[in-house]
Protein chains: 2
Amino acid sequence: MTTGAEQEGKRRGRRPAGADTKTALIEAARAVFTEQGYEGATVRTIARRAGVDPAMVNHWFGGKEGLFAKSVLQLPIDPSTIVSQLLEGDLDTIGERVVRTFLTVWDSTGGGHFAALVRSVASHQLAVEGLRDLFLKQIFGRIVAKVGVDNGLFRANLVASQLIGMGMVRYVTQFEPLKNTDIETVVAAVGPTIQRYFTGEITAPQPHGSA
Amino acid sequence: MTTGAEQEGKRRGRRPAGADTKTALIEAARAVFTEQGYEGATVRTIARRAGVDPAMVNHWFGGKEGLFAKSVLQLPIDPSTIVSQLLEGDLDTIGERVVRTFLTVWDSTGGGHFAALVRSVASHQLAVEGLRDLFLKQIFGRIVAKVGVDNGLFRANLVASQLIGMGMVRYVTQFEPLKNTDIETVVAAVGPTIQRYFTGEITAPQPHGSA
DNA sequence: CCATTAATTCATCACGTGTTGAAAAGTTTG
DNA sequence: CAAACTTTTCAACACGTGATGAATTAATGG
């Protein structure tokens, strides 16, 4: 007890049992990447948080990059499922449903996944394309196509802007009171916006400099 | 071409004339911070881009942090002026005016300032607070206070969410077609959203878990 | 119960970082 | 023109990074 060298947690070799190092590393990585971004997060910090040796990152994931891919870029949703669920209900209430689903999905992990994704956009071009692909092509692009209105891509852009902004404010910058506002309250406030972007009157986009 | 040692651009001592090193560094810094984020950007990269020696960063700005403050955190706007201008017109069209002003201000630097701010949010807690202070307290908070509606802070949050999201999509992830859409077209599409957040009916926020 | 395999730790490597101090060369001042 | 000052380059430092390989210990299988 005097020097602490007798603590058994530091002995060498294989650990007694179970002790799922892989999972512990993924969870610690998600937390640290979320707080620090890709460059700011260090392998040593992640390993310390997970209570294991930094070398385990290489052993299990082949390096920092691999751990990043298996933690942050692993989304908590299946886009196809989400889209077909959203398209089942009435078209007049799709705005509300989209907002409710968006918040439910990202709230389920405490916003960590969303924040991590946005934070990694900073230093990783890979993440930018991931975000674009996820929101535009796989989700809102598909919905707009099914709904069958004009200016589909422009509408998808508008929807993405409001929802990404909502995620920024709720999960990343964490403004009060939106950070802790009940989902249904937000649905009532933002739902009509999304509804209008989907089915309301939207004039066609003009390229720059034709005002 | 063999050794390249004869190029005169590498001579020591004070440069011939003018050669505004400070400005060159600030501009290079803004570009590199925008592309790489705070941690990802290195002093050496910035200096090379500006065509000067890395040591100049310390000489003129006292270090990387100082250069960051003088480039990225130096906003292209004066909040007070903006706010009083926005409050001059009719209250029924404040939504349009806010969107138009937002886009005009950030477009003026090609979106670089906004992207840099968001990118630095990733690794810099300082930038998070800067963003929160700028949008909530200094701009939308003041407007909401002057307008004098209920749930002021909640409304300010909603406005911020839509505009920050617009900036994300237009300047950071650069989705098409929003990236290149004419300002007035965007005003027509998003103006009503902001108008409703300011003066429409918005139910009061409920804390989590009371659905 | 011994040999093999898997999991973990440790010491260390090569490298890139931000920063520093001294030397060199131009500019300004008397 | 010479002294003082300012601007710039260069070499180097101390440090932290991600990664590697050998040593060590537990689990496993015949």
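Chain letters run A, B, ... following the sequence lines, proteins first, then strands; residues in each count from 1. Computed from a prediction, not measured in an experiment: that's the story for all the values here.
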Rounded to the Å, how far apart are [X] [atom1] and [N] [atom2]?
{"X": "Asp53(A)", "N": "dT12(C)", "atom1": "CG", "atom2": "C1'", "value": "13 Å"}
{"X": "Leu25(A)", "N": "dT9(C)", "atom1": "CG", "atom2": "P", "value": "10 Å"}
{"X": "Asp20(B)", "N": "dT7(D)", "atom1": "CG", "atom2": "P", "value": "11 Å"}
{"X": "His59(A)", "N": "dA19(D)", "atom1": "NE2", "atom2": "C1'", "value": "14 Å"}
{"X": "Lys22(A)", "N": "dT8(C)", "atom1": "NZ", "atom2": "P", "value": "11 Å"}
{"X": "Phe68(A)", "N": "dG18(D)", "atom1": "CZ", "atom2": "C1'", "value": "16 Å"}
{"X": "Trp60(B)", "N": "dT6(D)", "atom1": "CH2", "atom2": "P", "value": "10 Å"}

Side chains of Gln85(B) and Thr101(B): do they bring a donor and an acceptor to under 3.5 Å?
->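 Their side chains do not contain a donor-acceptor pair, so the 3.5 Å distance test is not met.
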Listed once per pair and sorted, the salt bridge (Lys or Arg N to Asp or Glu O under 4.0 Å) pairs that draw on residues 162-179 of chain B, sequence neighbours left out =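 Of all non-adjacent pairs touching residues 162-179 of chain B, those that pass salt bridge (Lys or Arg N to Asp or Glu O under 4.0 Å) are Asp107(B)-Arg170(B).
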Please list, chain by chain and in numerical order, all residues satisfying side-chain contact (heavy atoms from CB on, under 4.5 Å) with Thr104(A), sequence neighbours excluded.
->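 Result, side-chain contact (heavy atoms from CB on, under 4.5 Å) vs Thr104(A): Arg100(A), Ile183(A).
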Of all residues at least two apart in sequence or in a different chain, which pass the side-chain contact (heavy atoms from CB on, under 4.5 Å) check with Arg49(A)?
->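 With sequence neighbours excluded, Arg49(A) shows a side-chain contact (heavy atoms from CB on, under 4.5 Å) to Ala28(A), Ala31(A), Val32(A), Glu35(A), given in chain and number order.
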Counting only side-chain N and O atoms of Thr21(A), is one of them less than 4.0 Å from OP1 or OP2 of dT8(C)?
->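 Thr21(A) to dT8(C) OP1/OP2: side-chain N or O found under 4.0 Å.
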Thr193(A): what forms a side-chain hydrogen bond (donor to acceptor under 3.5 Å, both in side chains) with it, not counting sequence neighbours?
->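 Tyr197(B).
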Extract from the structure each pairing of a protein N or O with an N or O of nucleotides 15-18 of chain C at less than 3.5 Å, listing the distance.
| from | atom 1 | to | atom 2 | distance (Å) |
| --- | --- | --- | --- | --- |
| dG18(C) | OP1 | Val43(B) | N | 3.4 |
| dG18(C) | OP1 | Lys64(B) | NZ | 3.1 |
| dG18(C) | OP2 | Val43(B) | N | 2.9 |
| dG18(C) | N7 | Arg44(B) | NH1 | 2.7 |
| dG18(C) | O6 | Arg44(B) | NH2 | 3.1 |

Looking at residues at least two apart in the chain, or sitting in another chain, which of them share a ring pair (Phe, Tyr, Trp, His ring centres under 6.0 Å) with Phe198(A)?
->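 Ring pair (Phe, Tyr, Trp, His ring centres under 6.0 Å) list for Phe198(A), sorted by chain: empty.
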